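Remember, predicted model here, so these are calculated numbers, not experimental data.
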Amino acid sequence: MSTQQIIFLVLSAVALLSAMGVILSKNPVTSVLCLILTFFTIAGHYVMLNAQFLAVVHIIVYAGAIMVLFLFVIMLMNLNADIEPQKRNWLKYAGAISGGTLLVILVAALRDASMPTLQPGATDIGLIGNLGKTLFNKYVVPFEVSSVLFLSAMVGAVVIGKKED
Amino acid sequence: MQALTDRVKPVDRRPLTFMEKLYLPAIWKGMAITFKHIFQKKATVSYPEEKRPFSPVFRGLHILNRDEEGRERCTACGLCAVACPAEAITMEAAERKPGEEHLYREEKYAASYEINMLRCIFCGFCEEACPKDAIYLTETFAPANYQRKGFIYGKEDLLIPDPKEKQTV
Amino acid sequence: MTIDWYFILEKLILISGVLALSLIVAMYSTWGERKVAAVIQDRRGPNRAGPLGLLQPLADGGKLFFKEEIIPASSHRFLFILGPSLAMLVACMTSAVIPWGDTLVIAGQEISLQVADINIGILYIFGVVSLGVYGIMLGGWASNNKYSLLASVRAASQIISYELAMGLSLIALLMLTGSLSLKDIVEQQRHGLWNVVYQPLGFLIFLVCAFAECNRTPFDLPEAENELNGGYHLEYSSMKLGFYLFAEYINMFVSSALMASLYFGGYSFPGMDSLGLPHNVVTILGFLALFLKILVFLFLFMWVRWTIPRFRYDQLMRLGWNVMIPLALLNMLITGAIVLFRQG
């Protein structure tokens, strides 16, 4: 086994375990920490794919900003295991059924999907210069449209925030 | 209400001008002031090596005086205890026995003489009250102690050394 | 795939060297902080332990080690320990991409005085800095104390707010340099003018944001001792408290090094290439020049701390969102326009 394979396996194992930790842990703060760990392992995968820019941006945006806000909210909510309300039974059944359906759909979709073979050599698309050129030439319209989407989200947040006055 | 002094300063409540809103000039001015202080004379005295001089009227720890022949001057008259506003001084008188003339100057002397330095306010009234020039306030202060009883100074702490004995040593 | 043991050894030595340097500088920053505070306030400062009080940091460290470790019964034990460790770890990680000097040539081998010259150096620093808040947040929350919780909430919102302005001010710089590698940025300044000449406003914004990111006065609201009793490290004792305090000084040291590298030429100094000295000597002189710049910035951090009072929280937020970010955007626009104008 080459070094890369070992790193890949370790990263994937940690990613899966911490992702399980997110949904299995009782304490929401621990969940958030597991999620942060998952983000780190995913960033590690990006580095393995020679996409350092994506890796770092992933950490800055998700681990550095969004998760801080998550933690921020959870800290202020005072969630204790003993005061957490019991979920109703029908909610559990509904969750199990919808989750099972999703699984079936995913399996059905993936069964027919043909995976393009991976290129053996490293690509440079994840490096910052190439990524920028691709984004601003080939994908400039979707890129700008997504920025409009963000703007509308921001405007929406401001509108909701201002409603109280 | 009429102002008691003419030093009243009305608070300036005008809105900040543009220069003041920039903060930076004010911050820079403040930093210049603190920088100037780096080179100014230090107010600290490195205590044990360097002592701040006492003023000539400083009133510190008491001593009990002796006369030229080394006899205790105190006659336990109690005037100092009466004069003491803090009631820090207690004493017990005793009569001089024959053969003790070289120890005590008068027929009556203080068998015990105690000053509680925790009570004493170092006003110096005892010094003024003493008719025999027996008690004086010096230019030292009571050192720290771990226990309260350590601050009750007896005769052995207060009496100055015998000038005759000093000569022999 | 063979493993280059020589390479690993070289990097290990370099990493331990950089770590030791940051720790020693952090140690003596505590001494420097007290000395600067003293001389600014017309006092003498520590002068009993060793000549000029130079052994004072050792005495302080020894004291912290021998203090009783207290973990509050109602705290979240694991996170309580994780908090200071994370703060320390993140503070040390940033120093990896800073070029501490040019290359040294030893026995025909060129050794770079930079742990990792990655082509996204600045983004790496941003990533690590944005993680720095976790140490404070987790520690403050795990203490289970209302003051600590308030402090961690303050820290989180303060650091996120000022990170934005910091990033925007850097984008303007990156437009000029065209590279994210710190080594490239320093090399460009070696042959031209220092970046602070082109980016005075950007530097000012970066400086203010660096103060805010390091939780230094006037932005030290998370540890405001007279309203929050020390804030996030209120429940900490012994070396865990030491870690928090140490992390602050390491952060100061690293951000000084960063500012020196980004805006003040890093290890280059004027007339560096015309001295006619051997390569290694020039490299060492360059390292000393960088160190001098760092010391100047450290002094600035302390000087400001003992001059300016703390901001109120709403003032802090207003400064961050209403002043710093628009200014940084303006700076970015102007720089972009000038770059475009000069190209076209």
Derivation of the salt bridge (charged side-chain N to carboxylate O under 4.0 Å, His left out) call for B:K108 and B:E106: CA-CA 5 Å; B:K108 199 165 136 244; B:E106 319 263 332; over 6 Å; no
For chain B, which residues of residues 292-315 of chain C have heavy atoms nearer than 4.5 angstrom: C:F299, C:L300, C:W303, C:V304, C:W306, C:T307, C:I308
C:Q189 and C:Y263 side chains, donor-acceptor separation under 3.5 Å: no
Pair C:E213-C:S255, side-chain donor/acceptor within less than 3.5 Å: no
Option that, when pairs with chain B are counted at under 4.5 Å, heavy atom only, ranks first among C:I40, C:L319, C:L204, C:N47: C:I40
Under-4.0 Å salt bridge between C:D220 and C:R216: no
For [X], is it the side chain, the backbone, both, or neither that has a heavy atom closer than 4.5 Å to a heavy atom of chain C?
X	answer
B:K41	backbone
B:I33	neither
B:F35	both

Full working for side-chain hydrogen bond (donor to acceptor under 3.5 Å, both in side chains) between B:E92 and B:Y113: CA-CA 7 Å; B:E92 261 171 48; B:Y113 191 98; over 6 Å; no
Distance (rounded to the nearest 0.5 Å) between B:I160 CD1 and B:Y136 OH: 10.0 Å
Check: residues 72-80 of chain B side-chain donor-acceptor pairs under 3.5 Å, at least two apart:
from	atom 1	to	atom 2	distance (Å)
B:E72	OE1	B:K155	NZ	3.0
B:R73	NE	B:K132	O	3.1

Backbone of C:L54 reached by a side-chain donor or acceptor of C:Y28 within 3.5 Å: yes
